[in-house]
Amino acid sequence: MTHLGDPTPGSDTRLPPRAWLRSDAPVQSLDGDWAFLLHDADPGDDLDGPPPFAAVDADVSAWDRIPVPSHWGLHGHGHPTYTNIRYPFPLDPPHVPDANPTGDHRRTFDWHPSFCPDGRTLLRFEGVESLATVWLNGTEIGWFTGSRLMTEFDVTDHLVDGENVLAVRVHQWSAASYLEDQDQWWLPGIFRSVSLQGRPADGLDDVFVRGDRDPATGVGTLDVRPRGGWPVTVTVLELGIHETWASEGAVVPLQIDAVDAWTPETPRLYDVEVSTDAETVRLRVGFRRIEIAGDRLLADGRPLIFRGVNRHETDPDRGRVFDEDYVRGELELMRQHNITAIRTAHQPPHPRVLELADEIGFWVVLECDLETHGFWDVEWTGNPADDPAWRDACLDRVRRTVERDKNHASVVMWSLGNESGTGRNLAEMAGWIRERDDSRPIHYEGDYGGAYTDVYSRMYPTMEEIASVCGDQTMAVHEIGPAEGARQRAKPFVLCEFAHAMGNGPGSLADYERMVEQYPRLHGGFVWEWRDHGIRTRTADGTEFFAYGGDFGEPVHDGVYLMDGLVLSDGTPSPGLGELAAVWAPVTLEHVSGRSWRVRNRQHSLCTDHLDLRWRVEDDGIRVADGALPAPILSPGAETVIELPAAGIPDATGERWITLEAVWRDAPAWGAAGHVVSRAQVQVNAAPPRPARAAAGGWRGDALGDAVFDRRGALVRWRDLEVSGPLPELWRAPTENDQLDGQGSYETADPALTNGRGDESTPASSVRWLERGLDRLQHRVLSVERTEQGLVQRVRSMAAHSAQGIETTFAWRLDGDGLRLHTDIRPFGPWDCTWPRVGARIGLPGALADEPARWYGTGPAESYSDSAEAAYVGRFEAAVDELGVAYGRPQETGHRPGLRALDLGPLHLRAVASGSTGLPGFQLDRHTAQERTGVAHAHELPPSQGLWLYLDAAQHGLGSRACGPDVLPRHALWPRAVSWTVVFE
Ligand code: IPT
């Protein structure tokens, strides 16, 4: 069976779309346990009438049970399938294969005419993927598509007093699947609620409520458009509104002298009641004006900057099934990390998400359930977004999107969909929205020329492209000619996706934020993406892991590409999220000089009177003084310089850092009192040089003090510890940003010559690194020289059949502090690629991994050259296994630059900065970088052979090249001479 995504004329029995409202009309939930049978292929037994299972007397006692709402693939029937751009079925629109998994669902329920005595009873489906056909008491009621959209049927005439039988056949694939090619799991099923909705005669079938506020005067307008019975009364107790209209002709917008503005920072909502004699609807309305003035997007008169994330609905156990606590937790976690905007990638979420967004505070770009990305692979031939045959289907989707969610203050922009090329149907969708709701601008990234959208939107642009669009105009506007380019440059500019948070990353968040600060036209953007989509799964032996594409044996899949969130599948915030919080600090703190700090309020609408400033002074990581003061009261956009107190601060006795934090004095609605929104540090005193102390002893046989070396000059024992190494190392287990080549690379091209895009033909960094054998260096000891109280080992490291390499000198010396190791690494030969890292690794007994690591250095999380805003200097402690992050796939993790001291059981290591020699970073791992390479899941790592301590002079940046720009030149690690010193104390 093939229905196009739209109902063919004559067969459409659905009711017109309307808002998801809170009403006092009767509701009966049909969620719960349903009988369920999955067919591998479309049974086709409904072509000439209802299928047998829809009959009232059908016997389904042998069927399985399944909860509604749910996805059957997560309940032991079939399995999920992941593709990004590709369709997992032949590109043969509008057809789908006969092997079309089909889930038959059936339940009985009691209904009595007293449910809604004088009215009608509707059957509502809030989300079914992808095509559902419905029979009630053996009669076909209708069918529908539009997986994440709401559908209602009037079933009054088919209900019987007493027991009723509801049968729903769900096809996994349908013509509509061509419109639902989002980068996510294909997860069929009835995954949102099913209910009966009473519609009292003369009730309110729909209400469209908008709150406007004139930013200049504070005057509010409440625009209420009811559909249904009359008269209608509108009551807003707080505002003294009680207005009754006899008929549609009497309806007028209501003026209010003064209302508070709704913004994410001030999510002020007013309770509005709309009623007829038969029904009362309750809404929570916010007043705000969204407008475009030239190339500025304004909310309540001030620039609206999106500091947002792309949010999919994804839950490791439930898939796209809504759970209120889970979602509330997610939204609060966002706010705790200074995220105040959401793009509902790439479909409308559960309607309750938008109520929570109104209440907790987010600017929402609400996206229609439309993506035809797979047509990109055939140069958009036959793209449904342009083909008139799909016009009604596209329009149907946008209507249902806007009608359902039109009453939310949080929704500030409508998005036509994602990655659907461009075409007439999209333009018509935009036209329909303009007619229906002129209060919100229209977004769609694929409208490169800006013919039918209101903001200029791009995904994953380079810094150079952003600068060009916003300022210097050195590049042509993406894919279009000069005239359209000029049009786009005259609009507010938004990054609907940027900073690909796949695996370890993204890099350069701070670089993007600097552009937002620099260019008023740039209105921020949405990081791709909020959360990894891993599905909690178990291996045959019961080991839990998070599955990604291919783990269910899908023949066509896109692997790990959906593990690209700031939050891991199990909800653990990644260091990337911490970095984002630091970069998006709503208040910035900047050391000026002496005791002076500049405080700047970057919030949209809040003044700073809810914040305290907390400061502390630490010598060698030990607190010697601290205090708190109320933050200076600054209106949005204002800044001032404050002085921290001088009294009571002792003279510095070591390396001194002053840390200043802005914290919430009282608990915000989404967090705890004392929540840190911003942190800055300044070093005011360097560690005083330690006077050299003479060594207590020298060589005794192979022992130098507490150390034992072998003939080749390698350390084999330190006190009671069996150790090995050090060994020079250039390899790190590639991150996805190292491994993929979403965009060009700066590595082989001069950005100035390639308009910032780098060289598009350049393979991924890790491909280049592997070609040059950086993962398989072979070492040759050139010399071992014993001195009176030391040993100097020189090592040459090169890969098979390569002429370039590094030469390392490990110089050991016993002195009064312990055993000092000075490492010096120099490149030689024709290097033509970056290095993942440059350092050395030392093997330690595996048992040491059970000791907590305590360090004085940067932390608490890992950091890299282009992701280092969240890291600060202090004393930290963590279990060794918590030093690394459980990214969806094993890869580089746990690098912490700027080590001063590390204690691990009996091992005490101190790093010394001297002259031009910087402090090394450290990393502790039960696996080597080589062992971590190319492993699909953590449980597939080989058995650990010990604990490895890496000391690195530097690591390469992270970048976003999995789907965006490469590591910027200034964050790249090019071959260079490095050296550092540590002391085994
Ligand atoms: C972009 C998609 O819009 C998004 O859904 C996601 O797939 C992302 O890529 C990668 O994770 S499209 C890409 C071809 C720029």
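Whatever order the structure lists ligands and atoms in, that order sets their numbers, starting from 1.
Contact residues of ligand 1 (protein heavy atom closer than 4.0 angstrom to a ligand atom; sorted by chain and number): Asn84, Asp183, His346, His373, Asn418, Glu419, Met459, Tyr460, Glu497, His500, Trp528, Tyr561, Asp564, Cys963.
For the residue pair Ser865/Gln955, the side-chain donor-acceptor check at 3.5 Å is not satisfied.
Ring orientation note: the planes of Phe191 and His71 are close to parallel, at an angle under 30° on the 30°/60° scale.
Under the 6.0 Å distance and 45° angle rule, Arg889 does not count as a cation-pi partner of Tyr548.
Under the rule for a ring pair (Phe, Tyr, Trp, His ring centres under 6.0 Å), the partners of His956 that lie at least two apart in sequence or sit in another chain are Trp769. In this structure Phe322 satisfies the ring pair (Phe, Tyr, Trp, His ring centres under 6.0 Å) test together with His350, sequence neighbours excluded.
The list of side-chain hydrogen bond (donor to acceptor under 3.5 Å, both in side chains) pairs with a residue in residues 957-972, not counting sequence neighbours, reads Asp511-Arg970, Asp511-His971, Ser745-Asp966.
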